[in-house]
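First comes the structure, then the notes that go with it.
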Amino acid sequence: MLYPKKNPVAKWIFRAYVKWLVRKEFHDFIYNNVEVNKNKSVLLIANHFSFWDALILFCLNEKLFKKNFHVMILQETAKKVSSLRYGGAFSVNKGSRDMLRSLNYASQLLSDPDNLVLMFPQGRLFSNFTSNITFQKGIMKLIENATDHYQVIFAATFIQYLQHKKPTVTVYLKREDDNFKGKTINDLQSSYQQHYQSSKQLQTEIDIP
């Protein structure tokens, strides 16, 4: 397992670069505000469809949650793009015994109210407008091992080219009252599916003047 890198200067450079890059590549960045408990960490659960996903939600955290950002990424990605570890990325090697260490590490991060942990439970990339969201079971191991001092936020992200040359990114957020401890993967998946479907519907109803 590869852990986040803690060099403060490199972290500052990474943060500045990612914020500049997202501003440069997108015409607009739209999201709704959600109330969060400052005394609890955030488990941010999101759809996974592009290279941009973690970078977009990194910027969202800078704008809205303002917590210490962490994201689980594939081991091969962490090795190939090692700079992501300055932004809080840590690796998971799916299908290996080391995977449990990554999930336990994510659980430990949630014990600190200053932390945010981003997870993409789909486990791989899918179309931005897929209809059905399917989660892999690893996230339930994370939830099972975490303390109760976290809150769940759902994020459904969509990117569309509208009337501008650059695309607009829209993130639909929902705070869950349930932290899904003691629940099944089907319970979590079903709740996220409802949020994703309602968000997708809103996205398709955008009226361009």
Side-chain angles (χ1 to χ4, degrees), residues 11 14-50 52-72 87-89 106 109-122 128-129 133 135 139 142-143 146 148-164 166-181 188-209:
K11 287 179 69 174
F14 178 88
R15 180 183 294 110
Y17 174 72
V18 170
K19 291 167 71 173
W20 170 83
L21 184 63
V22 170
R23 285 196 304 268
K24 174 178 176 291
E25 294 295 329
F26 293 96
H27 171 76
D28 202 359
F29 188 146
I30 302 169
Y31 61 91
N32 60 294
N33 197 3
V34 289
E35 293 290 333
V36 297
N37 185 340
K38 294 182 179 180
N39 297 316
K40 289 187 175 183
S41 59
V42 170
L43 175 56
L44 184 61
I45 297 175
N47 59 319
H48 196 22
F49 63 92
S50 77
W52 290 104
D53 301 345
L55 302 183
I56 288 168
L57 295 174
F58 178 92
C59 292
L60 176 72
N61 178 61
E62 292 284 307
K63 294 170 177 286
L64 182 61
F65 302 121
K66 303 183 187 301
K67 292 183 178 287
N68 298 323
F69 184 87
H70 301 83
V71 57
M72 180 183 287
L109 288 171
L110 291 176
S111 65
D112 185 340
D114 291 332
N115 286 338
L116 177 148
V117 176
L118 168 61
M119 295 290 292
F120 299 110
Q122 289 169 285
N128 195 190
F129 287 89
I133 300 293
F135 285 172
I139 192 170
L142 183 162
I143 289 173
D148 287 333
H149 298 87
Y150 69 93
Q151 57 203 309
V152 173
I153 305 290
F154 288 159
T157 304
F158 298 92
I159 292 176
Q160 274 190 295
Y161 286 86
L162 301 172
Q163 71 269 45
H164 305 284
K166 294 181 180 180
T168 292
V169 56
T170 306
V171 184
Y172 298 90
L173 299 168
K174 181 186 178 187
R175 181 177 61 83
E176 287 291 307
D177 295 327
D178 193 347
N179 65 9
F180 296 94
K181 199 174 255 308
L188 178 63
Q189 183 176 289
S190 176
S191 293
Y192 184 85
Q193 178 76 44
Q194 292 177 30
H195 172 63
Y196 178 83
Q197 284 298 126
S198 62
S199 300
K200 182 180 174 183
Q201 183 63 35
L202 288 172
Q203 186 71 12
T204 59
E205 292 174 357
I206 290 176
D207 186 11
I208 302 173

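Numbers here are sequence positions counted from 1. Note that these values count all heavy atoms, side chains included, but never hydrogens, waters or copies made by symmetry.
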### Message
Go through it in stages, so that I can follow the logic: the residues are Gln193 and Gln197, the test is side-chain hydrogen bond (donor to acceptor under 3.5 Å, both in side chains), and I'd like the CA-CA distance, side-chain angles, deciding distance and then a yes or no.
### Response
CA-CA 6 Å; Gln193 178 76 44; Gln197 284 298 126; 3.1 Å; yes
With rounding to the nearest 0.5 angstrom, report the [atom1] to [atom2] distance, [X] to [Y].
X     : Y      : atom1 : atom2 : answer
Leu55 : Tyr17  : CG    : OH    : 9.0 Å
Lys40 : His149 : NZ    : NE2   : 8.0 Å
Phe29 : Leu60  : CZ    : CG    : 5.0 Å
Leu64 : Leu57  : CG    : CG    : 11.0 Å
Cys59 : Leu21  : SG    : CG    : 8.5 Å
His70 : Ser41  : NE2   : OG    : 10.5 Å

#### Entry: Test side-chain contact (heavy atoms from CB on, under 4.5 Å) applied to Leu110 and Val42, Asn115, Leu43, the passing residue
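For Leu110, the side-chain contact (heavy atoms from CB on, under 4.5 Å) test succeeds with only one of Val42, Asn115, Leu43, which is Leu43.
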### Message
Tell me if the centroids of the rings in Phe120 and Phe135 come within less than 6.0 Å of each other.
### Response
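No: the rings miss the under 6.0 Å criterion.
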### Task
Assert yes or no for the condition that the ring centre distance of Phe14 to Phe69 is strictly below 6.0 Å.
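No - the distance between ring centres of Phe14 and Phe69 does not fall below the 6.0 Å cut-off.
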### Query
What residues, two or more places apart in sequence or in another chain, satisfy salt bridge (charged side-chain N to carboxylate O under 4.0 Å, His left out) together with Lys63?
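With sequence neighbours excluded, Lys63 shows a salt bridge (charged side-chain N to carboxylate O under 4.0 Å, His left out) to no residue whatsoever.
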### Query
Should Lys67 and Asn61 be marked as a side-chain contact (heavy atoms from CB on, under 4.5 Å) after you check the CA-CA gap, both sets of side-chain angles, and the distance that decides it?
CA-CA 7 Å; Lys67 292 183 178 287; Asn61 178 61; 3.9 Å; yes
Close side-chain approach of [X] and [Y], heavy atoms under 4.5 Å:
X      : Y      : result
Phe158 : Phe129 : yes
Val169 : Asp28  : no
Phe154 : Asn47  : no
Ile45  : Ile153 : no
Val71  : Leu116 : no
Phe26  : Ile159 : yes

Please find the pair of heavy atoms, one from [X] and one from [Y], that lie closest to each other, and give the distance.
X      : Y      : answer
Glu25  : Pro167 : O-CD, 3.5 Å
Met119 : Ile139 : CB-CD1, 4.2 Å
Val22  : Trp52  : CG2-CZ3, 4.4 Å
Ala46  : Pro121 : O-CD, 3.7 Å

### Task
Could you tell me whether a side-chain N or O of Ser191 sits under 3.5 Å from a main-chain N or O of Leu188, the two making a donor and an acceptor?
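Not a single qualifying donor-acceptor pair exists.
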### Donor-acceptor pair, side chain of Asp112 and main chain of Leu109, under 3.5 angstrom
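No: the side chain of Asp112 does not pair with the backbone of Leu109.
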### Query
Could you go step by step and tell me if Lys19 and Arg15 meet the side-chain contact (heavy atoms from CB on, under 4.5 Å) rule?
CA-CA 6 Å; Lys19 291 167 71 173; Arg15 180 183 294 110; 3.8 Å; yes
### Message
Working note: Leu44 + Val117, criterion side-chain contact (heavy atoms from CB on, under 4.5 Å); need CA distance, chi angles, decisive distance, verdict.
### Response
CA-CA 6 Å; Leu44 184 61; Val117 176; over 6 Å; no
### Query
More than 12 foreign heavy atoms under 6.0 Å from NZ of Lys11: is that the case here?
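Counting neighbours around NZ of Lys11, 12 or fewer heavy atoms of other residues, nucleotides or ligands fall under 6.0 Å, so no.
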Can you give each donor-acceptor pair under 3.5 Å made by side-chain atoms of residues 171-181, sequence neighbours left out, with the distance rounded to 0.1 Å?
from   : atom 1 : to     : atom 2 : distance (Å)
Tyr172 : OH     : Gln203 : N      : 3.4
Tyr172 : OH     : Gln203 : OE1    : 2.7
Lys174 : NZ     : Glu176 : OE2    : 3.3
Arg175 : NE     : Glu35  : O      : 2.9
Arg175 : NH1    : Asp177 : OD1    : 3.3
Asp178 : OD1    : Phe180 : N      : 2.7
Asp178 : OD2    : Lys183 : NZ     : 2.4
Asn179 : OD1    : Lys181 : N      : 3.0
Lys181 : NZ     : Ile143 : O      : 2.7
Lys181 : NZ     : Glu144 : O      : 3.2
Lys181 : NZ     : Ala146 : O      : 2.5

